[in-house]
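If you read the sequence from its start, that first residue is 1, and numbering goes on from there. Every value quoted in this text rests on a predicted model; they were computed, and no experiment measured them.
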Amino acid sequence: MSRSDVEVAALAARAAADVLLPLLQAGELHDEALGDAGDAAAQAAIAAVLAEHRPDDAVFSEEAVDDPARLTADRLWIVDPLDGTREYRSGDRHDWAVHVALWERSAGDLTAAAVGLPALGEVVTTDPAPVVPPVPDGPLRVAVSRSRPPAQARAAADALGAVLVPLGSAGYKTLAVVRGEADAYVHAGGMYQWDSAAPVAVARAAGLFASRLDGSPLEYAVAEAWLPDLVVCRPELADRVLAAVRAGA
């Protein structure tokens, strides 16, 4: 039986989780050795799934050699096998993720994606799209890097009367908005296409707003891998967040 693209994305994300968790739980590797092993194992697991189910598609992954053929491909998988290596190798954090997204030339955009949250036993997909919980009582919340919170995020938080929520991987911070753990995510510290493709696709499917800090579209499957900044938020907050980010730049 043939699988849909989103089913393949989810299968690949689960395959990565199936190798990442045992490595972590075995306790035989630590620090950089654990991170390197996790990166390699997750890359191999995802590559095997894509080779089996979508052998004719191009793949653009953080952990693989960049093939120029991706620039002319009609279908391109954008993959981060282990987003948040630092959090993963700490051994006691849940805020790391697996990203698998499909970009299609016919649509000119991302069309299917899955984000695995292995430490939580979850895979979140574009179909069925997740339902964003209602805003809880209390101040709004802005997810930021726990190691390098940018000035733009502080500006957005001030404008919204919000509190900062430090979290690990880019994928998890985006999914924190999807999951209702935050109301916005502001990133200005630099990232690549694979850091945001899958989580942005899931966030958009859930009805959230996503763009560059200046409000311009996020572009994927372009030659430049660097896609340095990102805003993801509840749609009703987009104008206020973007205005605050511009003022705080």
Under a 3.5 Å distance rule, please check whether [X] uses its side chain to pair with a backbone N or O of [Y] as donor and acceptor.
X	Y	result
S216	R212	no
D57	L76	no
D127	A129	no
H30	A33	no
D83	D80	no
Q193	A221	yes
R105	A73	yes
E224	W226	yes
T126	A113	yes

(message) L208 vs V177, test: side-chain contact (heavy atoms from CB on, under 4.5 Å). Steps then yes/no.
(response) CA-CA 8 Å; L208 296 174; V177 186; 3.7 Å; yes
From [atom1] ([X]) to [atom2] ([Y]), nearest 0.5 Å:
X	Y	atom1	atom2	result
L140	L160	CG	CG	5.5 Å
D31	R89	CG	CZ	6.5 Å
R86	D95	CZ	CG	11.0 Å
R75	D56	CZ	CG	9.5 Å
Y220	I78	OH	CD1	7.5 Å
M191	S196	CE	OG	5.5 Å

Do the side chains of [X] and [Y] join up, straight or via other hydrophobic residues, at under 4.5 Å, putting them in one cluster?
X	Y	value
L82	L21	yes
L175	V132	yes
V115	L230	yes
L102	V6	no
V98	V200	no

(request) Take Y185 and V231 through the side-chain contact (heavy atoms from CB on, under 4.5 Å) test and state the conclusion after the steps. (result) CA-CA 6 Å; Y185 166 37; V231 170; over 6 Å; no
(request) May I ask you to check whether Y172 and W96 place their ring centres under 6.0 Å from each other? (result)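 No, too far apart.
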(request) Decide if the gap between the ring center of F60 and the ring center of W194 is smaller than 6.0 angstrom. (result)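 Yes, they do, as the ring centres are separated by less than 6.0 Å.
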(request) Would you please say whether a donor-acceptor pair under 3.5 Å links the side chains of T111 and E104? (result)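 Distance-only check passes for T111 and E104.
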Can you confirm whether [X] is buried at [atom1], in the sense that more than 12 heavy atoms of other residues, nucleotides or ligands lie under 6.0 Å from that atom?
X	atom1	result
D239	CG	no
E28	CD	no
R204	CZ	yes
Q25	CD	yes

State, with a plain yes or no, whether a side-chain heavy atom of [X] is found less than 4.5 Å away from one of [Y].
X	Y	answer
H99	V79	no
L29	L23	yes
V144	L167	no
R179	L117	yes
Q152	L213	yes
R3	L11	yes
L227	L218	yes
V142	V163	no

(message) Go through it in stages, so that I can follow the logic: the residues are L242 and F209, the test is side-chain contact (heavy atoms from CB on, under 4.5 Å), and I'd like the CA-CA distance, side-chain angles, deciding distance and then a yes or no.
(response) CA-CA 11 Å; L242 290 175; F209 173 84; 3.7 Å; yes
(request) Show your reasoning for whether side-chain contact (heavy atoms from CB on, under 4.5 Å) applies to T125 and V202. (result) CA-CA 6 Å; T125 64; V202 170; 5.7 Å; no
Show the nearest heavy-atom pair for residues [X] and [Y], with the distance to one decimal.
X	Y	result
P139	G161	CB-O, 3.7 Å
R54	S4	NH2-C, 3.3 Å
C233	A238	SG-CA, 3.6 Å
A101	L110	CB-CD2, 4.3 Å
H187	G189	NE2-N, 3.4 Å
R70	A223	NH2-O, 2.9 Å

